[in-house]
Every structure is written in C-alpha cells, then in structure tokens.
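Here is the structure we will look at, set down as structure tokens.
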2 protein chains.
Amino acid sequence: MNLSKPMTAASINAVILALLDRGDSYGYEIIKNVRALSGGAIDWPAGSLYPVLHRMRTDGLVESYWQQPEGERRRRYYSITAKGRKALGEEKAQWMTVHNLLMQLWGPDPAFGL
Amino acid sequence: MNLSKPMTAASINAVILALLDRGDSYGYEIIKNVRALSGGAIDWPAGSLYPVLHRMRTDGLVESYWQQPEGERRRRYYSITAKGRKALGEEKAQWMTVHNLLMQLWGPDPAFGL
DNA sequence: TCAGTATGTTTAGATGATCTACATATGGCG
DNA sequence: CGCCATATGTAGATCATCTAAACATACTGA
C-alpha cells in the first residue's frame, strides 16, 4: 500500500506515543510492531522513525535510556512522559475530529442535509 | 481545537474529494460545509484551500467551471473526475489502514499480544 | 573464514508542498 | 457611506520530513 508522506507525517506521532504508552520500546522494535500490527501495510524506513524520536526527546514527549543485554546489540529504549501523554491525548482528539468528519462524508447521502 | 498542519495536510485531500463526490461545490462553500460538519472544530483559512483545489485541477482529480447567478458573485464550481474518485478510494484505504492501527493501540491492553 | 542477513542507530543535506500574508472584487445592510 | 460576508487568487517563506548513506555487531551457513 505505501502510506503517502502526509499520512505518515500526520500519524507517526500518534502511533509512536500510543505504542510507548503501552510500554517502553526502542526504534527497531517500534518499526517491527507497526509493521506487524498493520498487517504489513505500514512499513516505516528507519530514517523516518529515528529523527522523529529525537525530536520527541527534544520536545520532552519521551525520555530515553540505553540498555545492553548479554550478547546483544545495545538499544536505546524510549518511555513516554507526562507531557507525551498529554500530547497523545491531543493527537487522539484531532484524529477523531477528522475521522468523524470523514465518516459523515462517507456515510449515506441523506445525512448531507446542509 | 485547531488542527495541526500535518493533520490538515493529510486529510484535506480526502475531505475535499469526499465532499465533491456528494455534489459539485465551490471553495468558499467547501470551507463553510467543513466548518459546519465538524461542529466548528475544523476551519480552513481560504489560503489553505484554494491552492489545493488548483493542484487537484492540475492533477486531473477535479474539473472546474464558472457560474454567475443573478445578482451574486461569480463562483468557480468544482466537480470530481473519475481519476478523482480513484484517488478518493486510495485516500479512504490509507485512512482506514492508519485508523485500524490506532484503534488497536488505543484499545484494551490485552490485544497487545506481540 | 567469509559472505550475507537481521539487528540496531545516526545524520547531513535536499526537497517540496503547505502556510502566511496580502491583494482583489462585489453584494447587502444599516 | 462604511463595514461585513462573500468569493477567489498568488508570491515567497518556511520547516519538518525524506533520501541516502554510514556505522556497528551478532548469527548463520557454505
């Protein structure tokens, strides 16, 4: 399918924050989870995700820490902050606002009684 | 509420095409309809809409024609084309792909069985 | 041992489509 | 006459992502 750039841009923040709200994770795992949860439809290039995570850290929406399991590559884990949860709430509200509008427009014609 | 720029960018095409799929309309009316249908939450500046309509015309997603009712300002009406309907279908598919992902992430935790 | 693949993170610089801000025009109303 | 709502248009700035590449390590199989 390949999401358009604007669709990716509009949803990547909400998706990342929603995932981290489930529990800490790291870049590569986030990409795999999104791919799996979307049935393969959404497959972010690494270069798309990492800069967003960095920006979120700068903005205080997430925090990060390194972890190095025995015999594995080190990973930078991210956790959502209180500010990040607030931002997630706003993302949800915006998404649902647009979704409700689209549902009206895609619904049965009679509803279009303006 | 004020939609973020990325959210506007990601949805404006789908909203415009969905509206025109209901029937021909013109810029100013589209803005009013979107404002009304969203309960005032979405209020596009005119300068946001017109360039998008122009680009859609260039891309062949819509066609336009002038109309000048008695004693009223002239309006440039837009109608959706076959190509526009195809694009609308793709917009729908993309929107629902992301929406389904978000619904999973916002849903009850147990579903998160990766 | 060596190549290939999956894992994992990073960033410099190009890109490009919207947003800002303004311009233009006219009909109706008090 | 002045103001607001109606109605459309565009030049140039803006700015966050995308592209493309690099770096690093663990494992697998030939």
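A, B, ... follow the sequence lines: proteins, then strands. Residue 1 opens every chain.
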For this session: State, with a plain yes or no, whether a side-chain heavy atom of Trp106(A) is found less than 4.5 Å away from one of Trp95(B).
Result: yes

Exercise. Side chains of Asp24(B) and Ile80(B): does their closest heavy-atom pair fall under 4.5 Å?
Worked result: no

For this session: Remember a base hit wins even if backbone is also touched, and classify Arg76(B) as base, sugar-phosphate or nothing at under 4.0 Å, heavy atoms.
Result: sugar-phosphate

Seminar exercise, completed: Rounded to whole Å, CZ of Arg55(B) lies from C1' of dT18(C) at a distance of 10 Å

Exercise. Do Arg55(B) and Asn13(B) come within less than 4.5 Å of each other through their side chains, counting heavy atoms only?
Worked result: yes

Exercise. What is the distance, rounded to the nearest whole Å, between atom CG of Leu49(A) and atom P of dT10(C)?
Worked result: 10 Å

Exercise. To the nearest angstrom, how far is Arg74(B) atom CZ from dT24(C) atom P?
Worked result: 15 Å

Problem set entry | Quiz item: Arg73(B) side-chain donor-acceptor pair to dA25(C) base, under 3.5 Å | yes

Problem set entry | Within-4.5 Å side-chain heavy-atom neighbours: Leu20(A) and Ile30(A) | yes

Exercise. Over how many whole Å does the gap from Arg35(A) atom CZ to dG8(C) atom P extend?
Worked result: 12 Å

Problem set entry | Close side-chain approach of Arg75(B) and Tyr65(B), heavy atoms under 4.5 Å | no

Exercise. Do Arg74(A) and Trp66(A) have side chains that get closer than 4.5 Å, going by heavy atoms?
Worked result: yes

For this session: Take the protein atom OH of Tyr77(A) and the nucleotide atom P of dG8(C), then report the distance between them rounded to whole Å.
Result: 8 Å

Seminar exercise, completed: Under a 4.0 Å heavy-atom criterion, DNA chain D is touched by chain B from dA5(D) to dT10(D)

Exercise. Once you round it to whole Å, what is the distance between P of dA25(C) and OH of Tyr28(B)?
Worked result: 18 Å

For this session: May I ask you to say what Gly27(A) touches in the nucleic acid, namely base, sugar-phosphate or nothing, with a heavy-atom cut-off under 4.0 Å?
Result: sugar-phosphate

Exercise. Contact class for Arg75(A) (heavy atom, under 4.0 Å): base, sugar-phosphate, or nothing?
Worked result: sugar-phosphate

For this session: May I have the distance from Lys5(A) (atom NZ) to dA14(C) (atom C1'), rounded to whole angstrom?
Result: 11 Å

Exercise. DNA chain C: Glu72(B) or Thr8(B), which has the more 5' nearest nucleotide?
Worked result: Thr8(B)

For this session: For dG8(C), take OP1 and OP2 only and decide whether either is under 4.0 Å from a side-chain N or O of Tyr26(A).
Result: yes

Exercise. So what does Trp66(A) hit on the nucleic acid, given a heavy-atom distance under 4.0 Å: a base, only sugar-phosphate, or nothing?
Worked result: sugar-phosphate

For this session: Check whether any side-chain nitrogen or oxygen of Lys32(A) sits under 4.0 Å from OP1 or OP2 of dG8(C), and answer yes or no.
Result: yes

For this session: Check whether any side-chain nitrogen or oxygen of Tyr50(A) sits under 4.0 Å from OP1 or OP2 of dT10(C), and answer yes or no.
Result: no

Exercise. To the nearest Å, how far apart are Asn13(B) CG and dA17(C) P?
Worked result: 11 Å

Exercise. Do the side chains of Asp21(A) and Arg85(A) get nearer than 4.5 Å, heavy atoms only?
Worked result: yes

